[in-house]
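Written below as structure tokens is the structure these notes are about.
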2 protein chains.
Amino acid sequence: MHSPELLKGTLQTILLKVLKDNGKMYGYEITQKVKELSVGRILLTEGALYPALHKLEAEGLLQTETVLMGKRVRKYYTITVTGKNLVKERVIEFREFIKTMSAVLQVQIA
Amino acid sequence: MHSPELLKGTLQTILLKVLKDNGKMYGYEITQKVKELSVGRILLTEGALYPALHKLEAEGLLQTETVLMGKRVRKYYTITVTGKNLVKERVIEFREFIKTMSAVLQVQIA
DNA sequence: TTACATACATAATTCACTTATGTATTGACT
DNA sequence: AGTCAATACATAAGTGAATTATGTATGTAA
């Protein structure tokens with residue numbers, strides 16, 4: 001697991017990007033996908049995940065659809081057009097941040 | 001200027017690394033050096049800088065030396081051996097974080 | 001039947017940062 | 001001479017995204 005400090009500010013971008021790449025997903029599924037993609041290095045906590053999803057929905061970046069699986073509720077999230085546009089910017093911003101940081105820290109990336 | 005959210009958690013690493021690379025420096029000088037290295041993209045605020053320097057000093061990662069330049073006080077900071085060891089880890093950690101993030105965001109770095 | 005994984009949610013707390021404020025010197029422009 | 005910007009330090013109040021803690025409930029394997 002990474003130092004959690006570094007993750008700050010990346011959660012929204014992660015959620016939007018994973019939803020853009022994978023289509024309709026529910027919260028728990030997102031945590032598992034992120035865990036898989038990060039080889040166990042990013043473990044999203046529920047206390048961060050759900051409020052973040054609710055916020056993105058309130059901002060119109062995500063849409064929801066609640067489905068009853070047997071007796072269990074699942075809330076599926078889909079990225080909106082606005083969300084797709086934003087995630088592009090966010091990813092570009094992240095890449096620029098990395099470039100800047102590598103210049104400041106004088107480290108070679110990739 | 002970058003989204004300040006992304007910078008969170010990187011300040012200590014930046015300070016330690018810049019002091020490791022440039023030897024003895026004072027606060028204001030560090031802000032200018034970081035501004036230069038980042039091509040104006042990272043502008044350290046005093047409210048973040050000074051408390052961070054004080055904390056690193058309290059933790060034994062930095063040493064200080066106060067000098068009177070005419071009538072103006074300057075506080076020079078030098079990285080300690082402990083600090084040098086830590087900054088190595090922090091930079092490695094940052095590189096690993098970038099690798100993980102690029103896997104999650106499915107973006108090419110560098 | 002107990003424990004872990006699945007699945008959602010919210011409240012209290014933490015803490016690194018921003019914003020605001022304060023003090024004071026130096027140099028440049030007018 | 002006066003004003004503004006840059007230099008140089010510092011701390012306090014406020015913000016906000018996260019952690020930690022807690023709650024509810026179902027499905028499943030040992």
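Here is the naming used below: chain letters follow the sequence lines, and residue numbers restart at 1 for every chain.
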### Task
Ignoring the backbone of Ala48(A), work out which of dA18(D), dT11(D), dT18(C) is nearest its side chain.
dA18(D)
### Query
Hey, are Lys99(A) and Glu96(A) close enough for a salt bridge, meaning a charged N less than 4.0 Å from a carboxylate O?
no
### Query
Does Tyr26(B) have a side-chain nitrogen or oxygen under 4.0 Å from the phosphate oxygens OP1 or OP2 of dC9(D)?
no
### Summary
Interatomic distance, CD1@Ile98(A) vs CG@Leu105(A), rounded to 0.5 Å, equals 11.5 Å
### Message
Please check if the number of heavy atoms outside Lys75(A) that lie under 6.0 Å from its NZ is greater than 12.
### Response
yes
### Nucleotide dA5(C), atom P - distance to CD1 of Ile30(A) in whole Å
20 Å
### Query
Which nucleotide, dT19(C), dC9(D), dC8(C), lies nearest any side-chain atom of Arg74(A)?
dC8(C)
### d(CE, Met69(A); P, dT28(D)) in whole Å
11 Å
### Message
Quick check on dA17(D): is either OP1 or OP2 less than 4.0 Å from any side-chain nitrogen or oxygen of Lys55(A)?
### Response
yes
### Message
Using whole Å, what does the distance between atom P of nucleotide dG27(D) and atom CG of Leu68(A) come to?
### Response
10 Å
### Task
Report which part of the nucleic acid Gly9(A) touches: base, sugar-phosphate, or nothing (heavy-atom distance under 4.0 Å, all strands).
sugar-phosphate
#### Entry: 5′-ward residue of the pair Glu46(B)/Ala52(B) relative to DNA chain C
Ala52(B)
### Task
Figure out the CG/C1' separation between Leu43(A) and dT19(D), and round it to whole Å.
14 Å
### Query
Using 4.0 Å as the upper bound for N to carboxylate O, is an ion pair formed by Glu29(B) and Arg74(B)?
no
### Task
Quickly work out the Leu15(A) CG to dA17(D) P distance and round it to whole Å.
13 Å
### Task
Could you tell me whether Gly27(A) contacts a base, only the sugar-phosphate backbone, or nothing, with contacts defined as non-hydrogen atoms closer than 4.0 Å?
sugar-phosphate
### Task
State, with a plain yes or no, whether a side-chain heavy atom of Leu15(A) is found less than 4.5 Å away from one of Leu44(A).
yes
## Note on the structure
From CG of Leu44(A) across to P of dA18(D) the rounded distance in Å is 10 Å
### Query
To the side chain of Lys8(B), which of dT19(C), dT20(D), dC17(C) is closest?
dC17(C)
### Query
According to a strict under-4.0 Å criterion, is Tyr50(A) in side-chain N/O contact with OP1 or OP2 of dA9(C)?
no
### Phosphate OP1/OP2 of dA10(D): any Lys75(B) side-chain N/O under 4.0 Å
yes
### Task
Measure from CD on Gln32(B) to C1' on dC9(D) and round the result to the nearest Å.
14 Å
### Message
Here's a test of your reading of the structure: between Gly70(A) and Leu11(A), which maps to the more 5' nucleotide of DNA chain D?
### Response
Leu11(A)
### Message
Side-chain N or O of His54(B) versus OP1/OP2 of dC9(D): is the shortest distance under 4.0 Å?
### Response
no
### Message
Tell me the interatomic distance from Ile14(A), atom CD1, to dA17(D), atom C1', rounded to whole angstroms.
### Response
13 Å
